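Report on one structure; see the data block that follows.
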Amino acid sequence: MQTILTDFYTLISYEKAENGSFMAYIHLNKDHDIFKGHFPGNPVTPGVCMMQIIKELTEEFTGSKLFLKTASNVKFMAIINPFETPDLKLQLDITEDGEDVKVKNMTSFGETIALKLSVSYKKLMS
């Protein structure tokens with residue numbers, strides 16, 4: 001899997017449901033340089049990194065390179081501290097329509113929902 005977030009996270013496993021949704025399990029690298037600056041002594045996973053992870057997983061699952069068109073209903077509901085909660089579960093409900101790909105995501109750790117968002121991507125021609 002190609003990623004611009006080199007060594008930021010590892011895709012541990014994923015499952016595809018019959019309805020086309022995916023459940024992905026990732027592990028954050030608490031020693032990544034991003035956490036040294038965001039924020040020193042109180043590491044927080046940047047929201048933009050979570051959005052990039054969702055894009056990269058969607059690319060992996062659809063086999064298409066994608067460009068973000070819109071993001072709506074983006075709700076960061078809990079802080080993701082990589083030292084306390086490095087293991088995340090991402091539910092991706094993916095709908096493809098021609099060159100458009102829509103994703104509804106819910107990211108959680110344990111029983112805590114950390115992020116909910118809806119995004120729309122455009123497939124890029126290779």
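All values below were derived from every heavy atom in this structure, side-chain atoms included, with hydrogens, water molecules and symmetry-related copies excluded. Since this is a predicted model, take the numbers as computed values, not measurements.
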Can you name the side chain to side chain donor-acceptor pair (under 3.5 Å) partners of [X], sequence neighbours left out?
| X | value |
| --- | --- |
| K104 | none |
| E96 | K123 |
| K89 | none |

Q) Just checking, any donor-acceptor pair under 3.5 angstrom between side chains of T107 and N105? A) yes
So do [Y] and [X] actually touch side chain to side chain, heavy atoms under 4.5 Å?
| X | Y | answer |
| --- | --- | --- |
| I54 | L92 | yes |
| F109 | I80 | yes |
| L115 | M77 | no |
| K55 | Y121 | yes |
| N73 | L117 | no |
| I26 | I53 | yes |
| V44 | N81 | no |
| N29 | Y9 | no |

Q | L66 backbone acceptor or donor facing S64 side chain under 3.5 Å | A | no
Q) Is a side-chain donor or acceptor of E56 paired with a backbone partner of I4 at a separation under 3.5 angstrom? A) yes
Q.
If hydrophobic clusters are built by linking Ile, Leu, Val, Met, Phe, Trp and Tyr wherever their side-chain heavy atoms come under 4.5 Å apart, do L5 and M50 end up in the same one?
A. yes
Q: Consider only side-chain heavy atoms of I, L, V, M, F, W and Y, link residues closer than 4.5 Å, and tell whether M23 and L28 are in one cluster.
A: no
Q: Kindly determine whether V103 and D93 satisfy side chain to side chain contact (heavy atoms under 4.5 Å, CB included), including the steps that lead there.
A: CA-CA 5 Å; V103 179; D93 298 325; over 6 Å; no
Q) Can you tell me how far OG of S21 sits from CE of M106, rounded to the nearest 0.5 angstrom? A) 10.5 Å
Q. What is the distance from atom CZ of F35 to atom SG of C49, rounded to the nearest 0.5 Å?
A. 7.0 Å
Q: Using the side chain to side chain contact (heavy atoms under 4.5 Å, CB included) rule, take L57 and L11 through it: C-alpha gap first, then chi angles, then the decisive distance, then the call.
A: CA-CA 9 Å; L57 291 174; L11 175 60; 3.9 Å; yes
Q. Please walk me through it: do I94 and F22 pass side chain to side chain contact (heavy atoms under 4.5 Å, CB included)?
A. CA-CA 8 Å; I94 301 172; F22 290 83; 3.7 Å; yes
Q. Minimum heavy-atom separation for P82 to P43, with atom names?
A. CD-O, 3.8 Å
**Q.** Pair T45-F8, side chain to side chain contact (heavy atoms under 4.5 Å, CB included): steps then yes or no
**A.** CA-CA 10 Å; T45 305; F8 186 74; 3.9 Å; yes
Q.
Are Y14 and F61 an aromatic pair, judged by ring center distance below 6.0 Å?
A. yes
Q. Knowing that exactly one of K69, K65, K122 qualifies, which makes a salt bridge (charged side-chain N to carboxylate O under 4.0 Å, His left out) with E99?
A. K122
Q: Any chance you could lay out the side chain to side chain donor-acceptor pair (under 3.5 Å) test for D97 and T95, step after step, and finish with the verdict?
A: CA-CA 7 Å; D97 183 17; T95 306; over 6 Å; no
